[in-house]
2 protein chains.
Amino acid sequence: MAKHHPELSLLFHALADTTRRSILARLAEGPARVTDLSEPTGLRLPTVMRHLSVLEEAGLIATSKDGRVRTCAIVPEALEPARTWLDEQRAVWESRLDRLEAFAIKAAKERAK
Amino acid sequence: MAKHHPELSLLFHALADTTRRSILARLAEGPARVTDLSEPTGLRLPTVMRHLSVLEEAGLIATSKDGRVRTCAIVPEALEPARTWLDEQRAVWESRLDRLEAFAIKAAKERAK
DNA sequence: ATGATGCTTAGCCATGTCGCTAACTATCAT
DNA sequence: ATGATAGTTAGCGACATGGCTAAGCATCAT
């Protein structure tokens, strides 16, 4: 049952951090330099660098260096695996709603005790 | 720009682990006892318990105890915040494709050097 | 009432994460 | 060639994570 999806783990892990999500939000407005990402977050450069490497390993951003300036940009397709997984799960989970309801009744009974 | 979404962090973090995703896959087939989840994963009970509490805190599962048996079941709506966030991002990211392409050209130039 | 069963708690170990500072390298401007 | 600027590397500290064992508690069957 699709037990090993390291890419999904990388992806979800990268998204599971408010700082990284706000970096992505900033990059959604357009490419930015590392320093541009450091200022609004109030974080030091090395800290930002680490977040960027997590995002890059997850495939969520791409970076390139021109002179001494590194520019970061979003990779929109990177979200697809997550989206696909969520859709698949939703499909399966909802098709089991009958059983879920049976469980909910049991749970309610338990809660009432 | 929606900087603080602790629920999203909990959610993505819960999903960022293959063991937890396979527990969810198992639960997608219907509610199960803790022991039922322990056997296929090959993990010890306390380990499974910890994963379950992570999943429960993220709102992804609900559990109830009847006698000495705890039953776990999926909470389908729990995926919605993640799905919504992904959809929003995709919308924004894709609307910036023009800028992205400009960046891609620059990146290609850099890669070639 | 005894033992088996199912879960729970406490606590250990190795490793990973997230922030930092300090020091280094590389580039650009003068 | 000097200094400012942009990024990078190394390494620290506090804490979280993911696995385990051992021991405890509660319930069910006999």
Side-chain angles (χ1 to χ4, degrees), chain A residues 3-6 8-24 26-27 31-58 60-73 106-107 109-110 113, chain B residues 3-6 8-24 26-27 31-58 60-73 106-107 109-110 113:
Chain A
K3 206 167 182 176
H4 297 303
H5 270 305
L8 264 185
S9 296
L10 279 178
L11 198 46
F12 282 133
H13 172 252
L15 296 177
D17 182 281
T18 56
T19 299
R20 282 191 292 268
R21 288 198 307 277
S22 63
I23 287 177
L24 290 177
R26 167 63 188 77
L27 289 178
R33 303 178 309 155
V34 178
T35 308
D36 296 336
L37 298 171
S38 161
E39 280 159 10
T41 55
L43 295 175
R44 300 296 180 181
L45 272 182
T47 306
V48 174
M49 288 286 296
R50 182 145 285 255
H51 284 303
L52 291 178
S53 72
V54 170
L55 289 169
E56 193 164 17
E57 275 176 35
L60 284 162
I61 67 171
T63 77
S64 73
K65 200 166 175 181
D66 182 20
R68 59 184 161 170
V69 174
R70 176 170 300 278
T71 306
C72 312
K106 198 160 79 180
K109 223 185 292 178
E110 194 271 341
K113 134 192 124 176
Chain B
K3 206 167 183 175
H4 296 303
H5 269 304
L8 264 184
S9 297
L10 279 177
L11 198 46
F12 282 132
H13 173 252
L15 297 176
D17 182 281
T18 56
T19 300
R20 282 192 291 268
R21 288 200 306 277
S22 64
I23 287 177
L24 289 177
R26 166 62 189 77
L27 289 178
R33 303 177 310 155
V34 178
T35 308
D36 295 335
L37 298 171
S38 161
E39 280 158 9
T41 54
L43 295 174
R44 300 296 179 181
L45 272 184
T47 306
V48 173
M49 287 285 297
R50 183 147 287 258
H51 283 302
L52 291 178
S53 70
V54 170
L55 289 169
E56 194 164 16
E57 275 176 34
L60 284 162
I61 67 170
T63 77
S64 74
K65 200 166 178 183
D66 183 20
R68 59 184 161 170
V69 174
R70 176 170 301 277
T71 306
C72 312
K106 198 161 81 181
K109 222 184 291 177
E110 193 271 342
K113 134 191 125 179

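Every chain is numbered from 1 and lettered A, B, ... according to where its sequence line falls, protein lines coming before strand lines. A quick note: this is a predicted structure, and the numbers were derived from the prediction, not measured.
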Rounded to the nearest angstrom, tell me the gap between atom CZ in A:Arg70 and atom C1' in D:dT9. 13 Å
Does B:Arg68 make a side-chain N or O approach to OP1 or OP2 of C:dA4 shorter than 4.0 Å? no
Closest to the B:His13 side chain, choosing from D:dT17, C:dG19, C:dC18: D:dT17
Minimal heavy-atom distance between A:Ala58 and A:Ala14, with the atoms involved, is CB-CB, 3.7 Å
If only side-chain N and O atoms of A:Thr47 are considered, is one of them under 4.0 Å from the OP1 or OP2 phosphate oxygen of C:dT21? no
Candidates C:dC18, D:dG19, D:dG7 - which lies nearest the side chain of A:Lys65: D:dG7
Among D:dG19, D:dG7, C:dC7, the one nearest any side-chain atom of A:Val34 is D:dG7
B:Arg44 CZ to D:dA22 C1', in whole Å, measures 12 Å
Whole-Å distance between C:dT5 P and B:Asp36 CG? 15 Å
Can you measure A:Arg20 atom CZ to C:dT17 atom P for me and round it to whole angstrom units? 8 Å
Nucleotide C:dC28, atom C1' - distance to CG of A:Asp66 in whole Å: 12 Å
Heavy-atom side-chain contact between B:Leu24 and B:Leu55 under 4.5 Å: yes
Send over the distance from A:Leu52 CG to D:dT9 C1', rounded to a whole Å. 15 Å
Take atom CG of B:Asp17 and atom C1' of C:dG16, then tell me their distance rounded to the nearest Å. 13 Å
For a 4.5 angstrom cut-off between non-hydrogen side-chain atoms, does B:His13 reach B:Arg20? yes
Against the side chain of B:Pro46, the closest entry in D:dT21, D:dG18, D:dG19 is D:dT21
Residue A:Thr35, side-chain atoms from C-beta onward, closest of C:dT8, D:dG7, D:dG18: D:dG7
Taking CZ from B:Arg50 and C1' from D:dG18, how many angstroms apart are they, rounded to a whole number? 9 Å
Nearest non-hydrogen partners of A:Thr41 and A:Ser22, listed with the distance: CG2-OG, 4.3 Å
Donor-acceptor pairs under 3.5 angstrom involving side-chain atoms of residues 32-40 of chain A: please list them, not counting sequence neighbours.
| unit_1 | atom_1 | unit_2 | atom_2 | d |
| --- | --- | --- | --- | --- |
| A:Arg33 | NE | A:Asp36 | OD2 | 3.3 |
| A:Arg33 | NH2 | A:Asp36 | OD1 | 3.2 |
| A:Asp36 | OD2 | A:Arg33 | N | 3.1 |
| A:Ser38 | OG | A:Leu43 | O | 2.7 |

